[in-house]
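Just below is one structure, and these are the notes that go with it.
Just so you know, ligand 1 is whichever comes first in the structure, and atom 1 is the first atom listed for that ligand. We count residues from 1, following the sequence as given.
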Amino acid sequence: MTLALDGGRPVRTDPWPSWPPPLDPAQRALVTAVLESGQWGATQGGTVVADLAAAMAAQSGAPHAVATGNATLGLFAALRGLGVGPGDEVVVPAYTFVASATAVLLAGAVPVAVDVDATDLHISPAAVEAALTARTAAIMPVHLAGSPADMDAICAVAARNGLAVVEDAAQAHGAAYQGRPVGGIGDAGVFSFQSSKAMTAGEGGMIICRNPDVHEAIWSVCNLGRVPGDAWYGHPNLGWNLRLTEIQAALLLPWLDRLDAELDRRAAFCAAVEQSLAGLAVSVVPAPAGTTRDSRHLLMLRLHDPVDREFLLAAMAAEGVPLDGGYRPLSTFPALVAAGARAEPAPTAADAAQAVVWVRQPMLMDEPERAGDVAAALAKVLASPRAHRIEPQVPA
Ligand SMILES: *Cc1c(COP(=O)(O)O)cnc(C)c1O
């Protein structure tokens with residue numbers, strides 16, 4: 001079979017589902033109502049941001065939520081509201097989106113990247129424990145790809161050492177750990193509404209928290225240091241304007257009603273991919289043991305034979321099944337290191353950067369019958385000797 005890269009027939013020629021999905025009638029109605037009200041900002045008396053916050057708190061099993069302009073700022077505000085700042089260290093996984101670390105730097109603290117579990121690629125509780133110092137103030141588990149980090153183990157380490165836990169739930173809307181929704185398990189949890197995420201308004205974020213004092217502190221950080229009920233120009237605390245607009249919230253509030261169905265749809269597609277991989281040297285990266293609901297933001301695939309990644313990614317794209325190369329370890333970003341980020345040895349994250357590729361969320365929204373396209377394209381590309389060409393070793 002001639003590869004599409006060499007002019008052969010691609011495995012797939014029709015497009016994958018687009019993201020975001022088309023507006024549904026409830027979104028259209030609410031967005032229109034907000035636009036016509038003129039109450040576009042969250043300080044003009046509109047209630048949609050507040051309704052969204054209340055609904056997401058309830059969905060996360062926690063009493064409080066604060067909406068933010070994006071999740072990077074949400075993680076920053078959560079850390080700051082929990083008292084994390086200069087002189088403190090925050091432990092983050094080495095295999096994550098760069099914002100997990102830059103949010104820590106924005107709070108003035110030092111991100112300490114630790115290795116991830118060799119099987120599920122989520123932050124390793126043992127690696128967290130090994131990286132603790134007298135300066136450690138918080139742990140930031142990331143619910144990678146839509147499956148929860150091992151929260152029992154993380155929270156136990158935090159409790160033993162008096163540390164805060166901030167869940168980076170940017171990728172995990174609707175996911176659950178041991179039956180508990182993510183976002184409401186740690187001291188704070190942060191969701192993202194950026195364009196690629198499971199619920200999106202183009203941009204946006206939501207911080208969930210349990211303690212009323214922490215809630216007030218986070219709200220104040222996001223509202224220019226104001227305190228509810230105090231003078232408008234009082235600003236007793238230090239804070240910024242990190243608010244979400246009513247227009248964005250109007251896109252998001254109705255989404256909560258269809259999120260479950262979308263999660264089911266992605267789960268069905270992923271299950272079909274997993275079945276169709278039988279016989280290939282490729283497997284689905286499993287979710288951590290405590291996962292009771294995987295929101296399937298991404299499907300992570302592990303390639304068992306060494307491959308020429310550049311070739312594989314280009315050849316898959318040409319076949320009409322584009323894959324994503326995924327993350328590099330945080331330690332490989334010079335800007336982070338220059339800003340003071342620390343990195344513990346992370347051989348598993350480094351290995352994942354070579355051996356793991358992702359199927360992105362929009363593709364997972366396709367009919368399960370089309371899941372075979374992923375395996376068919378992989379089989380075709382991996383059959384090419386060029387996919388396995390390994391760069392000659394530089395003599396020592
Ligand atoms: C998307 C993402 C963020 C940042 O979210 P924004 O809303 O884009 O700021 C943080 N952490 C992880 C793991 C993400 O995937």
**Q.** His122 ring center within less than 6.0 Å of Tyr95 ring center
**A.**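 No; His122 has its ring centre 6.0 Å or more from that of Tyr95.
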
Q. Distance under 6.0 Å and angle within 45° of the ring axis: does Arg258 meet both against Trp255?
A.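 Output yes; distance and angle both within limits.
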
Q: Using heavy atoms and a cut-off under 4.0 Å, could you grab the residues that are in contact with ligand 1, chain by chain, numbers ascending?
A: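 Lining ligand 1 at under 4.0 Å, by heavy atoms, one finds Asn70, Ala71, Thr72, Thr96, Phe97, Ala99, Ser100, Val142, Asp168, Ala170, Gln171, Ser192, Gln194, Lys197, Gly204.
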
Q | Pairs meeting criterion salt bridge (charged side-chain N to carboxylate O under 4.0 Å, His left out) with involvement of residues 152-161, two or more places apart | A |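 Salt bridge (charged side-chain N to carboxylate O under 4.0 Å, His left out) check on residues 152-161 returns Glu129-Arg160.
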
Q. Is there any side-chain hydrogen bond (donor to acceptor under 3.5 Å, both in side chains) pair reaching into residues 228-242, and which pairs are they, with sequence neighbours excluded?
A.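 Passing the test, one end in residues 228-242: Ser220-Asn237.
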
(Q) Main chain of Ala176, side chain of Thr292: is a donor-acceptor contact present, judged purely on distance under 3.5 Å? (A)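 Such a contact is found between Thr292 side chain and Ala176 backbone.
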
Q) How would you list, by chain and number, every residue that makes a ring-ring contact (aromatic ring centres under 6.0 Å, His included) with Trp16, sequence neighbours excluded? A)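 ring-ring contact (aromatic ring centres under 6.0 Å, His included) check on Trp16 returns nothing, list empty.
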
